[in-house]
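See structure below.
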Amino acid sequence: IVVTGSDDHLWKMWALPDGNIIMTGEGHTDWLSGCCFHPSGSHLVTSSGDTTVRIWDFSKRGYILTLEGHAHTIWDCSWHSCGDFVASASMDNTNRIWDVNSERCRYTMCGHKDSVNSIEFLPFSNTVLTSSADKTLSLWDART
């Protein structure tokens with residue numbers, strides 16, 4: 001399976017090796033910057049220039065949740081291995097940890113001096129790794 005974004009704010013999921021489109025997602029109002037599969041494979045998280053993160057449910061064939069709070073473009077997103085939390089990295093110099101069950105931001109992490117460009121959870125851990133345009137990598141404890 002391959003997921004691609006486009007200039008028309010849509011994403012498409014392609015099956016390999018036949019190249020058939022499995023699903024198309026529409027909902028963001030600006031370009032797509034990142035995506036990540038849920039650990040169970042049942043959902044997708046996407047980030048966008050529209051400052052939102054969206055959670056997509058494959059069985060419902062659409063988005064089920066929009067997470068808002070960043071002030072600028074969101075460059076990247078990632079699922080925690082338990083599937084209950086999403087991390088986002090933004091041009092507003094912050095990264096956030098979102099609780100999908102309560103549909104709210106659990107933590108906002110500040111410390112980078114420039115855009116946070118990527119974010120990833122260490123598998124089976126509460127540690128988050130970020131990279132920034134300030135030329136640094138940071139490790140964060142997502143619980144504090």
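A quick note: this is a predicted structure, and the numbers were derived from the prediction, not measured.
Residues passing the side-chain contact (heavy atoms from CB on, under 4.5 Å) test with L129 are L137, L139, sequence neighbours excluded. Partners of S40 according to the side chain to side chain donor-acceptor pair (under 3.5 Å) rule, which considers only residues two or more places apart in sequence or in another chain, are H38, S42. Every side chain to side chain donor-acceptor pair (under 3.5 Å) that W140 has, sequence neighbours left out, goes to T130. F85 is linked by a ring pair (Phe, Tyr, Trp, His ring centres under 6.0 Å) to nothing, counting only residues two or more places apart in sequence or in another chain. Take W98 and apply the ring pair (Phe, Tyr, Trp, His ring centres under 6.0 Å) test, not counting sequence neighbours, and it matches no residue. With sequence neighbours excluded, the residues forming a side chain to side chain donor-acceptor pair (under 3.5 Å) with N117 are S115, listed by chain and number. D134 meets the side chain to side chain donor-acceptor pair (under 3.5 Å) test with H112, S132, T136; sequence neighbours excluded.
Residues L67 and M109 are members of separate hydrophobic clusters, defined by side-chain heavy-atom contacts under 4.5 angstrom among Ile, Leu, Val, Met, Phe, Trp and Tyr. Linking ILVMFWY residues whenever their side-chain heavy atoms come closer than 4.5 Å, directly or via other members, leaves I64 and F58 in distinct clusters. There is no path of hydrophobic side-chain contacts, each under 4.5 Å, that joins V86 to L44. No single ILVMFWY cluster, assembled from side-chain heavy atoms under 4.5 Å apart, contains both L32 and V53.
Counting only residues at least two apart or on different chains, the salt bridge (Lys or Arg N to Asp or Glu O under 4.0 Å) pairs with a member in residues 135-144 are D141-R143. For residues 72-100, every residue pair satisfying the salt bridge (Lys or Arg N to Asp or Glu O under 4.0 Å) rule, not counting sequence neighbours, is listed here: D99-R106.
Under the 4.5 Å side-chain criterion, counting only non-hydrogen atoms from C-beta, N95 is not in contact with W75. Looking at heavy atoms from C-beta onward, T46 lies in side-chain contact with C35 at the 4.5 angstrom threshold.
When all heavy atoms are compared, the tightest approach of I97 to A87 is CD1-CB, 3.8 Å. Residues C77 and C36 come closest through the heavy atom pair O-CB, 3.9 Å.
D114 contributes atom CG, which lies 6.0 Å from atom CG of N93 (distance to the nearest 0.5 angstrom). Considering SG of C105 and NE2 of H70, their distance stands at 7.0 Å, rounded to 0.5 Å. Remark: F37 CZ to S78 OG distance equals 13.0 Å, nearest 0.5 Å. Taking CE of M91 as the reference point, atom OG of S33 lies at 11.5 Å (rounded to 0.5 Å). Of the inter-residue distances, the one linking W79 atom CH2 with I55 atom CD1 reads 4.0 Å to the nearest 0.5 angstrom. For the atom pair CG (L65) and CG (N101), the distance works out to 10.0 Å, reported to the nearest 0.5 Å.
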Acceptor/donor pairs from residues 118-126 side chains to any protein atom, 3.5 angstrom cut, sequence neighbours excluded:
unit_1, atom_1, unit_2, atom_2, d
S118, OG, S131, OG, 2.4
S125, OG, T127, N, 2.9
S125, OG, T127, OG1, 3.1

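Looking at S47, its side chain does come within 3.5 Å of a backbone N or O of G34 through a donor-acceptor pair.
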